[in-house]
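This report concerns only the one structure given below.
Quick note on labels: first sequence line is chain A, next is B, and so on, each numbered from 1.
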2 protein chains.
Amino acid sequence: MVTMKDVAEHAGVSIATVSFVVNDTKPVTPATRARIEAAMVELGYRRNAVARALASRRTRILALVYPVFERPLNTSSVEFFTSAAAAASARGYHLVIWPVSNDGRELGELLGQRLVDGVLLMEVQLDDSRVQVLERSGTPFALIGRTREPDRYRYVDIDFEATVAGAVDHLAALGHQHLTLVLGSGVDHGDRDYGPFARTRAAFDALLPERTLTGRTIEVNQTEDATALADRIVASHPAATGILVLNDHTALRLVAGLRRTGRKVPGDISVMGLLAAAESGMVCDPPLTLMRAPGPELGRLGADALIRDLEKDEPLPPRLVPCAFEPGQSTAPRRSS
Amino acid sequence: MVTMKDVAEHAGVSIATVSFVVNDTKPVTPATRARIEAAMVELGYRRNAVARALASRRTRILALVYPVFERPLNTSSVEFFTSAAAAASARGYHLVIWPVSNDGRELGELLGQRLVDGVLLMEVQLDDSRVQVLERSGTPFALIGRTREPDRYRYVDIDFEATVAGAVDHLAALGHQHLTLVLGSGVDHGDRDYGPFARTRAAFDALLPERTLTGRTIEVNQTEDATALADRIVASHPAATGILVLNDHTALRLVAGLRRTGRKVPGDISVMGLLAAAESGMVCDPPLTLMRAPGPELGRLGADALIRDLEKDEPLPPRLVPCAFEPGQSTAPRRSS
DNA sequence: CTGAAAGCGCTTACAG
DNA sequence: CTGAAAGCGCTTACAG
C-alpha cells in the first residue's frame with residue numbers, strides 16, 4: 001500500500017505538505033504542489049480513509065438506519081435512499097443503508113463504535129426508543145418522520161394533512177360522501193404507533209367533519225388473501241364508495257379482491273393509494289389514482305438537514321412535503337343510484 | 001470519549017491487557033479480567049472501531065454494491081440483502097448497501113479508500129467493468145451472478161437452467177406448446193449483457209427443442225403502458241398460449257394489459273413470473289404462478305462465500321440455486337380449440 | 001509556505 | 001499471564 005510517507009519521500013517534502021495538497025487545506029506553492037501531484041499519480045496513491053478518520057475524528061460515513069429485519073424496504077424508501085445518497089455524495093459523504101433492528105440495542109452498539117458520523121433514521125414511531133439512543137450517544141441525526149414531540153429534533157416528513165386533504169377532496173369532488181381509510185400494516189404485531197399511520201388517521205378524522213363526510217378507519221395486515229381482504233374492508237363500512245389505502249401492496253390486493261368479489265373499480269367503488277409509488281399505480285388494473293410519496297425530495301432534504309448539523313451550519317426549519325396527486329383510472333364519479 | 005487507556009488506568013493494568021480481554025485474544029487471569037470488565041462497565045467503555053480498524057487493518061465492513069442509481073432495488077434484492085446482512089452480522093461483520101454507480105470508476109474510488117474489507121457485487125453483467133476494478137484492487141469479493149467466465153471468481157447465482165425448466169415443464173404439462181419469454185428491462189438502454197437475461201434466454205433456447213416446443217423471446221422496457229405492452233407481446237408470437245415473464249413489474253403490467261385487451265388469464269393465455277417475489281404474486285389478479293427468486297438462500301451463501309475468502313477458509317464450490325415453484329392461478333390447461 | 005512532532009485509539013509482536 | 005513499545009496512516013496545532 002502506498003502511503004503519504006511514500007509520496008512525501010518521492011516528492012522530497014514532508015507528509016504534512018502532502019496532506020495539505022491532498023486536502024487542499026493550506027496554501028502550497030505551485031511548484032511543490034506539482035511535484036506532489038506527480039508523485040501521487042506515479043505511485044498510484046489513494047488516501048486511506050480509516051487513518052484519515054482516526055486522525056480527524058470523522059469517518060464521513062452516514063448511516064441510513066432502516067429496520068430491514070422488521071419491515072421490508074419499499075419502493076418509496078429506495079427512492080428516498082437513492083436521492084439522499086446522491087446529495088450526501090455531492091458533499092463528500094458516504095450514505096449507506098445500515099441494517100439495524102428496531103429495538104434500539106443494536107443501534108446503540110453501532111453508535112458506540114463511532115464508525116458513523118451521523119444517522120438518518122427511518123420508519124419513526126411516535127415513541128421511538130431508537131431516538132433516545134441517538135440522543136444519548138451524541139451522534140448527530142435527523143429523523144425521516146416525527147416522534148410525538150417533533151420539535152425536539154431535526155426532521156423532515158410527509159405533510160399528512162395536505163396529503164389526506166388532497167385525496168379526500170378529490171373523492172369529494174367526485175361526489176363520494178362515505179369514505180374508508182385502510183391502514184395496511186407491513187408487520188404482524190400491528191402498527192398503532194407508526195408515525196404515518198397515526199398522522200394519516202388523525203388528519204382523516206379531523207378533516208371529515210369539516211367536509212361533512214363520513215369515514216371509518218380499518219387496520220389490516222399483509223397475510224390475508226385478496227378476496228377476504230376486500231370483503232372485510234367493504235363490510236367494515238358498507239356505505240363507503242371511496243377508499244383510501246395507505247400501503248401499495250394493500251392497495252393492489254384490495255383492487256384485485258374487489259374485482260374478484262364482483263365489485264367494479266371505479267364503477268362501484270373508487271380506490272386511491274396514499275404515500276404510494278408511481279410504479280405501483282402502473283401495475284394496477286385499472287391504473288391506480290394515488291398521492292405519490294415524495295421520496296426524492298425527502299431524501300435530499302433529509303441528507304441536507306443531517307449534513308448541516310454535522311457541519312454546524314444554521315439549521316433549516318423542519319420541512320413537511322405533501323404527496324403529489326397522480327391521476328389514474330381507479331376513481332370516478334359516484335354512481336347516482 | 002472513554003478509551004482503553006482510561007479503562008487500563010482504572011483497572012490498574014496495561015492497555016494491552018485490556019485489549020486481550022476486549023477481544024478475548026489471549027488468556028487473562030479471572031481476577032484481572034474481572035477488574036477490567038468492571039472498569040469497562042463503570043466507565044461505559046465502547047471499543048472504537050476506527051482505531052481498531054487502523055491497527056488491525058480490517059474494518060469489518062462489507063459492502064453490498066448495487067447500482068441503485070441505474071436500477072431500482074427490487075423485492076428479491078432486498079430479501080437477499082436482509083439475509084446476507086444477518087449472516088454477516090452473526091460472524092462479526094457489518095454488511096451495508098453501498099450505493100455505487102455501474103461504471104467502475106466510483107467503485108475504484110471506494111476501494112482505494114480501504115474502508116471496506118470485502119464486496120458483494122450485485123447485478124452482474126456478462127462483461128462487467130466493476131469486476132476488473134475489484135480484481136485489480138485486491139479487495140476480496142464475491143459475485144451474486146456470473147460474468148462470461150464464471151470460474152475465475154467466487155460467486156453464487158440462480159440456477160437458470162433448472163428455473164426455466166421448472167416453468168416450461170409446468171406449462172408443457174398443461175398442454176402449452178407455443179411459448180413466449182418476456183425479458184422486462186428495468187433500464188432504458190436495454191440489457192443484453194445483463195446476466196439473468198442472457199442466461200434465461202440461453203436456457204430457454206436450449207430447452208425448447210428438447211421438449212419439441214416452439215418459443216420466441218421479446219425484450220421490453222418499463223415505459224410502455226399495460227395495454228400496448230400486452231398487444232405487442234401477443235403480436236410478437238400470436239400462437240403462444242403460455243408466457244414467461246422475467247421481471248415482476250412487467251409480469252403484473254402484462255396480466256393487467258391482457259385483461260384490458262380482452263384476453264382471459266389463464267383462460268386464453270397462461271402467464272408465469274420468473275425470478276419473482278412471492279409478494280408480487282399476491283397483488284396480481286389472478287394470483288401469479290411463479291418461480292420464486294431464492295433471495296434469502298443466495299444472501300446467506302453469498303455472505304458465506306465472501307467471509308470464507310476474508311478469513312482464508314477453504315473456498316466452497318460455487319453454488320447455483322434454483323427458483324422454487326409457487327403455484328398461483330395464472331396458469332391453466334390449454335383450451336382445446 | 002513548509003516541516004517536525006504529537007496524537008487519534010487501538011493491535012500485536014516481543015520480552016519477561 | 002502481563003507490560004512496554006512500536007506502529008497502523010493520517011491530521012493538525014505549532015514553530016519557523
Side-chain angles (χ1 to χ4, degrees), chain A residues 1-37 39-40 43-61 92 109 111-117 138 310-311, chain B residues 1-37 39-40 43-61 92 109 111-117 138 310-311:
Chain A
M1 167 182 255
V2 181
T3 69
M4 265 189 184
K5 188 151 163 282
D6 300 321
V7 174
E9 284 168 5
H10 199 86
V13 296
S14 75
I15 61 166
T17 306
V18 176
S19 175
F20 300 153
V21 349
V22 167
N23 297 302
D24 202 19
T25 167
K26 284 205 181 173
V28 172
T29 42
T32 24
R33 175 182 298 275
R35 279 212 319 287
I36 290 168
E37 279 168 350
M40 293 198 294
L43 301 177
Y45 171 74
R46 318 300 253 97
R47 172 175 55 192
N48 183 302
V50 177
R52 183 192 191 201
L54 181 59
S56 68
R57 258 144 297 197
R58 309 186 57 184
T59 63
R60 305 191 82 84
I61 298 176
E109 275 168 26
L111 299 175
Q113 302 186 209
R114 317 258 66 158
L115 219 39
V116 308
D117 282 352
L310 285 165
E311 307 201 330
Chain B
M1 167 182 255
V2 180
T3 69
M4 267 191 183
K5 188 152 164 281
D6 300 322
V7 174
E9 284 169 5
H10 198 87
V13 297
S14 74
I15 60 167
T17 307
V18 177
S19 176
F20 300 153
V21 349
V22 168
N23 298 301
D24 201 19
T25 167
K26 283 204 182 175
V28 171
T29 42
T32 29
R33 174 181 298 275
R35 278 214 317 288
I36 290 168
E37 279 167 351
M40 293 197 295
L43 301 177
Y45 172 74
R46 318 300 253 97
R47 172 174 55 192
N48 183 302
V50 177
R52 182 192 191 201
L54 181 59
S56 67
R57 257 143 300 197
R58 310 186 57 184
T59 63
R60 305 189 83 85
I61 298 176
E109 275 169 25
L111 299 174
Q113 302 186 203
R114 317 258 67 158
L115 220 38
V116 309
D117 282 353
L310 285 165
E311 306 200 332

Under the 3.5 Å Watson-Crick or G-U criterion, the dot-bracket string of DNA chain D, with | for inter-strand pairs: |||.||||||||.|||
Anything under 3.5 Å between a donor and an acceptor, one on a side chain of residues 19-27 of chain A, the other on a protein residue two or more places apart or in another chain? List them.
{"from": "S19(A)", "atom 1": "OG", "to": "N23(A)", "atom 2": "ND2", "distance (Å)": "3.3"}
{"from": "N23(A)", "atom 1": "OD1", "to": "R47(A)", "atom 2": "NH1", "distance (Å)": "2.3"}
{"from": "N23(A)", "atom 1": "ND2", "to": "S19(A)", "atom 2": "O", "distance (Å)": "3.0"}

Residues which pass side-chain contact (heavy atoms from CB on, under 4.5 Å) with S14(A), listed by chain and number, not counting sequence neighbours: A16(A), T17(A)
Would you mind listing every salt bridge (Lys or Arg N to Asp or Glu O under 4.0 Å) that reaches into residues 48-61 of chain B, with sequence neighbours excluded? none
State the CG-CG distance between L115(A) and L115(B), to the nearest 0.5 angstrom. 8.0 Å
Reported CD-to-CG distance for the pair E109(B) and L111(B), which is rounded to 0.5 angstrom: 10.0 Å
With heavy atoms under 4.0 Å as the rule, sort R46(A) into base, sugar-phosphate or nothing. sugar-phosphate
Please find the pair of heavy atoms, one from V2(A) and one from L43(A), that lie closest to each other, and give the distance. CG2-O, 3.3 Å
Checking A55(A) now: which residues fulfil side-chain contact (heavy atoms from CB on, under 4.5 Å) with it, not counting sequence neighbours? none
Could you identify which residues of residues 48-56 of chain A place a heavy atom less than 4.0 Å from some atom of DNA chain C, listed by residue number, or say none? L54(A), A55(A)
Check every nucleotide of DNA chain C for an atom under 4.0 Å from a heavy-atom of chain A, then give the first and the last such nucleotide from 5' to 3'. dC1(C) to dG9(C)
Show the nearest heavy-atom pair for residues V18(A) and M4(A), with the distance to one decimal. CG1-CG, 3.8 Å
Pairwise side-chain contact, H10(B) with R35(B), heavy-atom cut-off 4.5 Å (strictly under): no
Results of side-chain contact (heavy atoms from CB on, under 4.5 Å) for E9(A) - residues two or more places apart only: K5(A)
Residues from residues 21-33 of chain B sitting under 4.0 Å of DNA chain C, heavy atoms only? N23(B), K26(B)
By side chain to side chain donor-acceptor pair (under 3.5 Å), E37(B) pairs with (sequence neighbours left out) none
Taking all atoms of both residues into account, what is the closest heavy-atom pair of L54(B) and V50(A), and its distance? N-CG1, 3.6 Å
Strictly below 4.0 Å, heavy-atom distances to any atom of DNA chain D: list the hits from residues 7-18 of chain A, or just say none. I15(A), A16(A)
Atom CZ in R46(A), atom CE in M40(A): separation rounded to 0.5 Å? 10.5 Å
Side chain to side chain donor-acceptor pair (under 3.5 Å) with D117(A): which residues, sequence neighbours excluded? T59(A)
Interatomic distance, I15(A) atom CD1 to T3(A) atom OG1 [nearest 0.5 angstrom]: 8.0 Å
